Structure formats: C-alpha cells, structure tokens
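Below: one structure in structure tokens.
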Protein chains: 2
Amino acid sequence: MDTTEILIKIRKIVRSINLESKKIQKEHGVSIPQILCLQFLRNSTNYQAGQGEIRKFLNLNSSTASGIINRLETKGLVARLPKRGDKRTVTIALTSKGDQLMQEIPSLLHEQLTEKLENLDDSTLENIQTSLELLEKLLELDHLEASPLIANDDFTDASLNN
Amino acid sequence: MDTTEILIKIRKIVRSINLESKKIQKEHGVSIPQILCLQFLRNSTNYQAGQGEIRKFLNLNSSTASGIINRLETKGLVARLPKRGDKRTVTIALTSKGDQLMQEIPSLLHEQLTEKLENLDDSTLENIQTSLELLEKLLELDHLEASPLIANDDFTDASLNN
DNA sequence: CTATTTTTGTTCGCATAGAAACAATTATGA
DNA sequence: TCATAATTGTTTCTATGCGAACAAAAATAG
C-alpha cells in the first residue's frame with residue numbers, strides 16, 4: 001500500500017468529518033472543535049477549566065485554542081474568568097447558555113457514525129481502533145524523532161508548544 | 001469504542017500529518033496539498049490538467065483548489081493556460097521549475113512513514129487499509145445520506161460541489 | 001534581592017478548507 | 001434560434017490550524 005494512498009484516504013475521511021462539522025455549525029451555530037471544547041468544560045469540575053487544559057485536551061496550538069474560545073465567548077457560550085493566584089492564567093467557564101446548547105446537541109456528533117459503528121462486529125471495531133492507534137503512534141514518532149528509549153507519554157506534553 | 005474517541009484519534013493523526021506538512025513547507029517551500037497537486041500534474045498528459053481535474057483529484061472545494069493553484073502560480077511552479085474550445089476552463093501546466101522541485105522532494109512525503117509501514121507485517125498493513133476504507137465509506141454515507149441502492153461511486157463525483 | 005529564564009495566552013500572518021455569490025461561458029430545450 | 005439551465009473558476013467571508021513575536025507574570029538561579 002502506497003503512502004500517498006494512505007494520506008489521500010485520511011484526507012477523505014477528514015473532509016467528510018469537516019463537512020459534517022460545517023453542517024452542524026450551520027444548523028446549530030457550533031463546529032466540532034467548539035463542541036469538543038464545550039464537552040470538555042461540561043465534564044470539568046465546576047464546569048471550568050484553564051485554557052491550557054483545554055488546549056491540551058484538544059491537542060492544539062495555543063493560538064488556535066485562543067481563537068476557538070474567542071468565538072465561543074462571542075456567542076456567549078463560555079466566559080473568561082481571571083484565575084486567583086496566577087494572573088497569566090485564564091479560567092474558561094461554561095455559561096448556562098453553553099450548557100443548554102450542549103443538552104440539545106451532544107448526540108449530533110454521534111448519532112450517524114455511532115449507529116454505523118454499532119452495526120459492526122467487535123473484531124472490526126477493534127481493527128479500526130488498533131489501526132488508528134497504530135497510525136497515531138507512527139506519525140507521532142515520525143514527527144517527534146523520538147528516541148526509542150523514551151516512552152511516548154513523556155513526549156506528549158512536551159510536543160505541545162505555544 | 002466511543003465515537004468521540006475515534007474523532008479525537010483522527011484529529012491527532014491529522015495534526016501530525018499537518019505538522020509534517022508545515023515542516024516540509026518551511027524547508028522546501030511547498031505544503032502537502034501543493035505537493036499532491038504537483039504530483040498529479042507530473043503524472044498527467046503533457047504535465048497538464050484542467051483545474052476541475054485537479055480539484056476532483058484533491059477532493060476539494062473549487063475555491064480551495066483555486067487558492068492552492070494561486071500560491072503555486074505565485075511560486076512559479078505552475079502556469080495557467082487558456083483551454084482551446086472552452087473559455088470557462090483553465091488548464092494548469094507544471095513548469096520546469098515545478099518539475100525540478102518535484103524531482104528533489106517526491107520522497108520527502110514518504111520516507112519516514114514508508115519506512116515504518118515497511119516494518120509492519122502484511123496483515124497489519126491490510127488492517128490499516130481496511131479500517132481506513134471502512135471509515136471512509138461510513139463517513140461518506142453519513143454525509144451523503146445515500147440511498148443503499150446506489151453505488152458509492154455514483155455519488156463520488158456528485159458530492160463534489162463548487 | 002535581583003537578573004534571568006520560563007510560562008501563559010494574545011495577536012498577527014499565512015495556508016487550508018468550505019459556503020455563498022458571482023460573471024462568463026457552454027449546453028440544453030422548445 | 002433564442003431563452004434558460006448548467007458549468008467553470010474566481011472572489012469574499014468564516015473557521016481552523018500553525019509558527020513567530022510579544023507582553024505580563026511567575027519561577028528559578030546566583
């Protein structure tokens with residue numbers, strides 16, 4: 001199997017996901033990255049998290065996270081609060097408007113793909129999981145030029161830069 | 001396996017690919033989508049193709065393709081030629097500068113991932129391929145809300161819009 | 001205590017990606 | 001033949017994504 005073919009397949013998969021994101025955004029006003037951020041807050045203590053935590057969860061560059069949070073703030077779905085004791089840090093809080101929206105739409109992201117996944121047998125599902133994890137690790141190693149002696153987890157945080 | 005987990009894994013994979021793209025662009029001045037376009041031209045008759053063909057190959061919206069080609073043109077790697085007999089259509093030609101660049105860098109995209117892939121046994125490779133194809137089809141069907149009576153291939157072109 | 005280094009998030013610029021609107025051109029139907 | 005529909009690619013706008021630069025704040029070292 002040619003590497004370019006893998007790349008093109010992945011691009012196709014991503015395109016489909018992003019088209020779905022566009023569709024959800026048109027209907028509900030939030031995109032998939034925004035939904036993932038709102039979900040993360042909803043599962044956090046006091047429905048709040050530091051911006052750095054969100055960035056790490058989303059596995060994004062901080063300027064990107066900043067942009068996503070800006071847009072959520074503009075929509076009134078999150079609020080930016082100062083963090084006591086550290087003036088550099090911003091706490092992001094889910095607003096009740098954000099909470100209500102997430103009560104309406106959490107399944108949207110899932111319902112079509114989940115249904116299809118549920119129709120697959122367990123071994124196929126496991127193949128998908130294994131393959132994705134394998135690709136993930138292959139590409140992480142490639143990107144980081146990791147020494148084989150160091151566990152991946154040790155690099156995961158270090159690989160996130162501003 | 002949760003759908004969000006699949007989504008997050010795919011996002012991670014894509015992030016790694018895009019980081020690699022950024023790295024290649026910094027070193028050689030072209031990104032992965034640009035390289036894919038140049039590759040396509042290099043494999044085309046007379047090193048030329050209509051913009052619509054490139055768009056379909058890249059599986060992109062036409063405004064995106066237009067942007068990519070604009071940037072390649074600015075770099076002198078492609079040229080825009082009128083097409084005889086149809087004034088709406090633009091023919092994109094690989095320049096010799098573009099050709100020379102592609103002689104230097106075609107393996108860049110491949111060398112790290114290919115090496116890792118070659119170390120995998122055939123059944124694992126096949127699992128990766130099968131899983132990607134399965135995801136691809138699942139998401140295509142989701143997106144298109146296809147009738148089960150129509151073959152996917154019939155939809156592939158129709159799904160591309162401007 | 002002070003200078004230096006590190007951390008945090010913002011801004012700016014570029015690229016990719018899609019949707020919508022559009023003009024010019026070609027194809028189709030009556 | 002002519003009016004209408006379809007096609008092609010461009011432009012504009014929005015969102016995501018990254019890197020670089022930056023300022024303010026905190027941590028560290030001497």
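Order of the sequence lines sets the chain letters (A, B, ...), proteins ahead of strands, with each chain counted from 1. Side chains included, hydrogens not; waters and symmetry mates left out as well; all remaining heavy atoms used. Note that the structure is predicted; figures quoted are calculated from it, not measured.
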Atom pair distance, as rounded to whole Å: CZ in A:Arg55 and C1' in D:dG17: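 Distance check: A:Arg55 CZ to D:dG17 C1' gives 14 Å.
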
First encountered from the 5' end of DNA chain C, between B:Arg71 and A:Ser66: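 Of the two residues, A:Ser66 wins.
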
A:Gln51, nearest nucleotide to its side chain (from C:dG9, C:dA15, D:dA15):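 For A:Gln51, the side-chain atoms sit closest to C:dG9.
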
Side-chain (B:Ser131) to main-chain (A:Asn127) donor-acceptor, under 3.5 angstrom: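 Checking the backbone N and O of A:Asn127 against the side chain of B:Ser131, a donor-acceptor pair under 3.5 Å is found.
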
B:Ile35 CD1 to C:dA15 C1', straight-line distance once rounded to whole Å: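 Interatomic distance, CD1 of B:Ile35 to C1' of C:dA15: 14 Å.
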
Phosphate contact (D:dA20 OP1 or OP2) by B:Lys26 side-chain N/O below 4.0 Å: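 Checking B:Lys26 against D:dA20: at least one side-chain N or O falls below 4.0 Å of OP1 or OP2.
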
A:Ile17 CD1 - C:dG18 P separation (whole Å):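 After rounding, the gap between these two atoms is 13 Å.
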
Polar side chain donor-acceptor pair, B:Asn61 to A:Arg15, under 3.5 angstrom: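 Distance-only check fails for B:Asn61 and A:Arg15.
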
Candidates C:dA17, D:dG9, D:dG19 - which lies nearest the side chain of A:Lys22: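 Out of C:dA17, D:dG9, D:dG19, the nucleotide with an atom closest to A:Lys22's side chain is C:dA17.
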
Nearest-angstrom distance from the residue atom CG of A:Leu58 to C1' of D:dT16: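 Checked: the CG to C1' distance equals 11 Å.
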
Listed nucleotide nearest any side-chain atom of A:Ser63, set D:dG17, C:dG18, C:dT11: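 Minimum distance to the A:Ser63 side chain belongs to C:dT11.
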
Options D:dT11, D:dT8, C:dT8, nucleotide nearest the side-chain atoms of B:Thr89: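 Between D:dT11, D:dT8, C:dT8, the one nearest the side chain of B:Thr89 would be D:dT8.
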
D:dG17 OP1/OP2 closer than 4.0 Å to side-chain N/O of B:Arg11: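 Affirmative; the distance criterion is met.
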
Nucleotide C:dG18, atom P - distance to CG of B:Asn59 in whole Å: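 One finds 8 Å between P of C:dG18 and CG of B:Asn59, rounded.
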
Contact under 4.0 Å: A:Asn61 side-chain N or O vs D:dG19 OP1/OP2: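 Yes, because at least one side-chain N or O of A:Asn61 sits under 4.0 Å from OP1 or OP2 of D:dG19.
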
Atom-pair distance (NZ on A:Lys56; P on C:dT8), nearest Å: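 After rounding, the gap between these two atoms is 7 Å.
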
A:Leu60 CG to C:dG9 C1', straight-line distance once rounded to whole Å: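 Going from A:Leu60 (CG) to C:dG9 (C1'), I get 14 Å.
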
Where A:Leu72 and A:Cys37 come nearest, the two heavy atoms and their spacing: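 In terms of heavy atoms, the two residues are closest at CD1-SG, 3.7 Å.
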
Sugar-phosphate only, base, or nothing, as touched by B:Gly67 at under 4.0 Å among non-hydrogen atoms: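 Contact class for B:Gly67: none.
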
Nearest atoms (heavy-atom pairs only) where B:Gly29 meets B:Gln34: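 For B:Gly29 and B:Gln34, the tightest heavy-atom pair comes out as O-OE1, 3.8 Å.
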
Shortest non-hydrogen contact from A:Leu36 toward A:Phe57: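 Taking every non-hydrogen atom into account, O-CE2, 3.5 Å.
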
Under-4.0 Å side-chain N/O to phosphate OP1/OP2 contact, B:Ser62 with D:dG9: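 Checking D:dG9 against B:Ser62, no side-chain N or O comes under 4.0 Å of OP1 or OP2.
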
Under 3.5 Å donor-acceptor, A:Thr95 side chain and A:Leu77 backbone: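 The answer is yes, because a donor-acceptor pair under 3.5 Å joins these two groups.
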
OP1 or OP2 of D:dG9 under 4.0 Å from side-chain N/O of B:Arg80: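 Looking at the OP1 and OP2 atoms of D:dG9, neither is under 4.0 Å from any side-chain N or O of B:Arg80.
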
Least distance between heavy atoms, A:Leu41 atom then A:Ala93 atom: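 Nearest heavy atoms, A:Leu41 then A:Ala93: CD1-C, 4.4 Å.
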
Annotated protein contacts, base or backbone, on nucleotides 1-6 of chain C with a non-hydrogen cut-off under 4.0 Å, one of B, S, - each: ------

Closest to side chain of B:Val90, choosing from D:dT10, D:dA26, C:dA17: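 The closest nucleotide is D:dT10.
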
Distance test, side-chain N/O of B:Gln34 to OP1/OP2 of C:dT16, below 4.0 Å: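 Yes, because at least one side-chain N or O of B:Gln34 sits under 4.0 Å from OP1 or OP2 of C:dT16.
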
Sugar-phosphate, base or nothing in reach of B:Asp86, heavy atoms under 4.0 Å: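 Since only primed, P, OP1 and OP2 atoms lie under 4.0 Å of B:Asp86, the category is sugar-phosphate.
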
First of A:Gly85 and A:Lys75 reached from the 5' end of DNA chain D, by closest nucleotide: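 Mapping each residue to its closest nucleotide by heavy atoms, the 5'-most match is A:Lys75.
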
Heavy-atom closest pair, residues B:Ser21 and B:Ile32: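 Taking every non-hydrogen atom into account, OG-N, 3.0 Å.
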
Nearest-Å distance for atom pair CG/P, residues B:Leu36 and C:dA15: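 That distance rounds to 17 Å.
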
